[in-house]
2 protein chains.
Amino acid sequence: MSKETRTKLEQAVEELNYQPNMVARSLKQKSSTTIGVIVANILHVYSTQVIRAIEDLCHEKDFHLIVCNADDQPEKEKKYIEMLKAKQVDGIIAFPTGGNVALYQQLTEEGYPMVFMDRTVEGLKVDTILLDNKKAAALAADELMNKDYRHLTMVSPPLTHQITPRVERAQEFIKKVQEEDNHTRKLSTISGEIREMKGQLQELFQQKERPDAIFAMNDLTLHEVLSFLKKEKLQIPSDVAVISVDEVSFAAFYTPPLTTISQPAFEMGKKAAEILFSFILEPEKQHRSKIIRFEPTLNRRESC
Amino acid sequence: MSKETRTKLEQAVEELNYQPNMVARSLKQKSSTTIGVIVANILHVYSTQVIRAIEDLCHEKDFHLIVCNADDQPEKEKKYIEMLKAKQVDGIIAFPTGGNVALYQQLTEEGYPMVFMDRTVEGLKVDTILLDNKKAAALAADELMNKDYRHLTMVSPPLTHQITPRVERAQEFIKKVQEEDNHTRKLSTISGEIREMKGQLQELFQQKERPDAIFAMNDLTLHEVLSFLKKEKLQIPSDVAVISVDEVSFAAFYTPPLTTISQPAFEMGKKAAEILFSFILEPEKQHRSKIIRFEPTLNRRESC
DNA sequence: TTGAAAGCGCTAACAA
DNA sequence: TTGTTAGCGCTTTCAA
């Protein structure tokens, strides 16, 4: 292009206040420079941090991020996946509900760029970012057993839907406690919807053999546990010790400061986005069904 | 359409596995059935809740939501606005940085559907959703003065950028305290970046006349305050009373339970989305520059 | 170097 | 009721 035409062009752009239309561009190029993320619930701190990390990378690459809230409802998830595809989104990062296996199967067969976060889906070959949940549960079990608590209670959201992190953490925690040679410790389990949790705790604590330690599976269950202990005026850790997975904003200045096992949410989100972008930009390189585990960190404080 | 052709059509859809292409549709219709939200920082609980409310309404209306993180940087905000427009997004909900007045001005002149959240921008005629910040500050001041604390300290993020909620809350709090007839109370102010806050608190508390009450302007400053008090082993409320704007997840079961002034984030987000959709669907009705204030709620607990 | 034209997949208007 | 066609704004190819 000659210098002359260039200035002419720039002038015209200026005068007409020309704004390119990316929709037309997308139609032609078959790329929307947009990716979609389907989270179970954006209100979880973990989801927020993951979204933030993904969004940062999108910004860097001049992409946009469409955020969808599946609310753990397969129906909603399905609708979102279809809408995202119809909008020619270049790739999807999902916290899969597990209720749309056939649909996900189809997407992978079409070679649609996709990454799963936090959860695996049985039988699907999709790259997945997970916490090393066994390690997290082991860290919790060891910490409680080393301090010689005698009656451990695991508090968890529903274990019935085969949600990866819950199942893996629960299994490993139970295994660890039972593996112990002396078999002198008691282990109780509470699992159910958040709204029923306090009632279940109440029941457990009315029994003769009260737990002296609680393992809260995630941030929301931790809230329930702390709220319950407060209501019952139970002291941490003298009456009951507490340890949990997921870092919470107040852990360090709670009374007492809470021992937690945190997951590197930002790095995990960033990694998911990096993999997705490598799929989008170099589709031939897709090797699919890689599972990448991130290490949890024990933050030893004073609640156990 | 006859019944016969209908079944034929459905069959064809099935066979060819036809998926409509919304990009082509958007190009023709000049509507992307997508809206954009530009938040200052998605990591704030308030932003998350607002996004959640907007997303819920989008889902209902078969729209999609593009989430952008401006990080309070006008440059980043500008890029996002331009990208969103280029993508023919049907409307924008923004937490404006205040650094792109001309650009926003242009958008309103074009009749581009837009709603501001949380912050106003001087001289712009844009519908805006705000908290009744004066009321919130007054609630805090009254609560502390009624309990007869003598040396009040207001802790705030930087007041230099004219960010609406900060300015309004600060002004009203100061006014309320000074209005008192006896003038016997002392008032200190700390304002600055989060990372400098602990140092400033330290300094203040080393002085002879120690504050006996703190008003934390939002959730992040509250974190700093609580963290500082914990470190200094200062008891709430016997050594220092605490009250804050923004509800935090742990308020009810903290030791002591925290008195907070909460804003109805979900309703505010929902309202913003409703207004935006009314602009999009009935553009003739736009009356612009309406300011809608929501009432804060005092949650009286035990920290003051 | 510049200009012209085809076509992405859809919708809307018109014709048959 | 059904079929045909123009055109949305861009990119890409080919011709001038």
Side-chain angles (χ1 to χ4, degrees), chain A residues 1-36 58 61-64 66 79-92 103 106-107 109-113 277 280-283, chain B residues 1-36 58 61-64 66 79-92 103 106-107 109-113 277 279-284:
Chain A
M1 198 176 351
S2 75
K3 213 169 188 179
E4 212 174 318
T5 35
R6 151 146 276 137
T7 47
K8 245 193 201 164
L9 191 141
E10 278 166 2
Q11 203 180 323
V13 164
E14 185 67 27
E15 262 173 42
L16 301 171
N17 189 19
Y18 169 80
Q19 306 267 154
N21 181 327
M22 300 254 287
V23 174
R25 187 174 208 268
S26 295
L27 180 60
K28 182 72 196 182
Q29 313 258 50
K30 290 167 171 343
S31 155
S32 55
T33 56
T34 304
I35 67 171
C58 280
K61 299 219 186 290
D62 279 345
F63 268 61
H64 269 149
I66 291 181
K79 194 180 144 202
Y80 272 127
I81 294 171
E82 280 165 357
M83 271 179 83
L84 287 172
K85 269 207 71 184
K87 281 198 178 154
Q88 313 297 111
V89 153
D90 296 328
I92 292 177
L103 187 50
Q106 190 195 320
L107 290 177
E109 279 165 13
E110 289 172 18
Y112 202 81
F277 277 116
I280 293 171
L281 304 173
E282 304 151 293
Chain B
M1 195 174 357
S2 75
K3 212 169 187 177
E4 212 175 317
T5 34
R6 152 145 277 138
T7 46
K8 244 191 200 164
L9 192 141
E10 279 165 1
Q11 204 180 325
V13 165
E14 185 67 25
E15 262 172 41
L16 301 172
N17 189 21
Y18 170 79
Q19 306 268 154
N21 180 326
M22 300 254 287
V23 173
R25 187 176 208 267
S26 295
L27 180 59
K28 180 73 196 183
Q29 313 260 48
K30 288 164 174 343
S31 154
S32 55
T33 58
T34 304
I35 67 172
C58 281
K61 299 223 186 287
D62 279 345
F63 268 60
H64 269 150
I66 292 181
K79 194 179 144 202
Y80 273 128
I81 294 171
E82 280 166 356
M83 271 178 83
L84 287 173
K85 270 207 70 185
K87 281 197 178 158
Q88 312 297 111
V89 154
D90 296 327
I92 292 177
L103 187 50
Q106 190 195 322
L107 290 177
E109 278 166 13
E110 289 171 18
Y112 202 82
F277 277 117
F279 281 4
I280 293 172
L281 304 173
E282 305 151 292
E284 69 285 358

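Each chain gets a letter, A, B and so on, in the order its sequence line appears, and its residues count up from 1.
Straight-line distance from the CG atom of A:Leu27 to the C1' atom of C:dC10: 8 Å, rounded to whole Å. When rounded to the nearest whole Å, the span between CD of B:Gln29 and C1' of D:dA6 equals 15 Å. Atom-to-atom, CZ of B:Arg25 to C1' of D:dC10 comes out at 20 Å; the value is rounded to the nearest Å. Per the geometry, NZ belonging to A:Lys28 stands 18 Å off P belonging to D:dG7, to the nearest Å. B:Met22 has its CE atom 13 Å from the C1' atom of C:dG9, to the nearest Å.
Checked against D:dG7, D:dC10, D:dT11, the side chain of A:Pro20 finds its nearest nucleotide in D:dC10.
Ring geometry, B:Phe63 versus B:Phe277: the interplanar angle exceeds 60°, so the pair is classed perpendicular (tilted spans 30 to 60°).
Rounded to 10°, the angle separating the first-five-pair axis and the last-five-pair axis of the helix from C:dT1-D:dA16 to C:dA16-D:dT1 equals 50°.
A heavy-atom distance below 4.5 Å is not found between the side chains of A:Leu27 and A:Gln88. Considering only heavy atoms from C-beta on, B:Met83 stays 4.5 Å or farther from B:Val89 through its side chain. Side-chain contact between B:Thr34 and A:Thr34 is absent, with no heavy-atom pair separated by less than 4.5 Å.
B:Asp90 places a side-chain N or O within 3.5 Å of a backbone atom of B:Thr33 that can act as its donor or acceptor partner.
Using a 4.0 Å cut-off, some side-chain N or O of B:Lys30 falls inside it from OP1 or OP2 of D:dG9. An OP1 or OP2 oxygen of C:dG9 is reached within less than 4.0 angstrom by no side-chain nitrogen or oxygen of B:Gln19.
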Item to check | Working for side-chain contact (heavy atoms from CB on, under 4.5 Å), residues B:Met22 and B:His64 | outcome: CA-CA 12 Å; B:Met22 300 254 287; B:His64 269 150; 5.8 Å; no
